Engineer: 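Can you read through this structure? Questions will come right after.
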Amino acid sequence: MDQQFLHCAVAVSPAVNARVPVLDRIDLITVRLPFVKPFATSVHTWAVKEALLLRLESDGVVGWGECVADPDPFYASETTQTVRHIFKEFLLPLLTPGQTIGELLKRWSPVRGHGMAKAMVENALLDLIARQQNRPLHDLLGLPARRIQSGISLGIQDSIPALLDAVADAMSRPYHRVKLKIMQGKDIEWVRAIREAYPKLMLMADANGDYRLEHAAHLRDLDAFNLTMIEQPLSYSDIVQHAALQQELATPLCLDESIHDLDDARSALALKAARVINIKQGRVGGMIESLRIAALCQQAGIGVWSGGMDETGIGRAFNLQLQTSPGFTLPGDTSETSRYFKEDIVEPGVVLADDGFIALPAGTGIGVTVLEERVARFTLYRESLR
Ligand SMILES: [Mg+2]
């Protein structure tokens, strides 16, 4: 199993051979950034972004990771507090200088789940190592530079006219695709309204698990609207019932919340539960595990894209670096910073080119500069572990 893991991981990225440096400082920092507008899904509404950041310093070079867990368990079971606990008690003690990233991930494997905690640490280490080597992260990962496709995710609105306004506002920028959040009672007619106004728009719907298999006939009505996919219509933990639902629908299903690691992706593909996978690197354990899932999907002809968790500019920058992988075939959730934050904690922010693509930021590591004075201004709590 270990050899198999290493073989598979090396095949997807030479970064597994990079060595963990001596860490002079380790800081966990909780920041709170106000959103420009609240974001609503079928499950919850978030008005501020509260993020747990990991700052690692080695020989004067600083690497950053952002945990995608929320302070609450309404999207995923991990929270910023469980991440803090797992990191301090179980992940940090296994982190030793000189070991390779591959060896570290293997040592972490007895810690079941907690992909968000693992991703935060793996991300910060990879950023640190790439900055130390004076190269961009995608290069450390073995991926060539390329421009990234853009997409926007629209939260649940109060009314269909408000939704049409939100789509019109989004379409004022050249996004490659629009994702609409749906829920019971705000679905068929809402999608129809957008489709009638924008017949050619690349459009998809995300239900965040709001339906049950009994709703199959109702969801089949969405087949009329040429959606690119319907994302996570059934329970956040389900794979088997999605396979049954996919049999009933012409529209491809996409799994998001149900995919925590490569094994979940293998199960989903074996059961034909989805034709598309949304890989959130911050949830599945990090960049290396994401590349393993993307490689599996590419082999199977399954579409892949990079989902967003309303990250600050740090997490957003990791998602951009990941999407240089050719396995990421579909536009993801990466949209312009200005839609989320008036002031972000990095520079430069994400801006679309005239053709809707996003250029990679030019710096080393994740490519952006983290503005430490802004981090300090938005900090709620800072804990120094070394
Ligand atoms: Mg989703």
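Keep in mind that what you see is a predicted model, and the values were worked out from it rather than measured. Start at 1 and go down the list; that is how both ligands and their atoms are numbered.
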Engineer: Look at the N, O or S atoms of E257, main chain and side chain alike, and state whether any lies under 2.8 Å from the Mg ion (ligand 1).
Structural biologist: no

Engineer: Using a 6.0 Å cut-off, check whether atom CD of E373 has over 12 heavy atoms from anything other than its own residue.
Structural biologist: yes

Engineer: Using the ring of each side chain (for Trp, its six-membered ring), is H85 parallel, tilted or perpendicular to F90, with breaks at 30° and 60°?
Structural biologist: perpendicular

Engineer: We want to know whether Q232 and D238 form a side-chain donor-acceptor pair, criterion being a heavy-atom distance below 3.5 angstrom.
Structural biologist: no

Engineer: What do you get for the angle at the Mg ion (ligand 1) between OE2 on E231 and OD2 on D256, to the nearest 10 degrees?
Structural biologist: 80°

Engineer: Output the distance between atom CE (M116) and atom CZ (R283), rounded to the nearest 0.5 Å.
Structural biologist: 6.5 Å

Engineer: So which of the N, O or S atoms of D206 lies nearest the Mg ion (ligand 1)?
Structural biologist: OD2

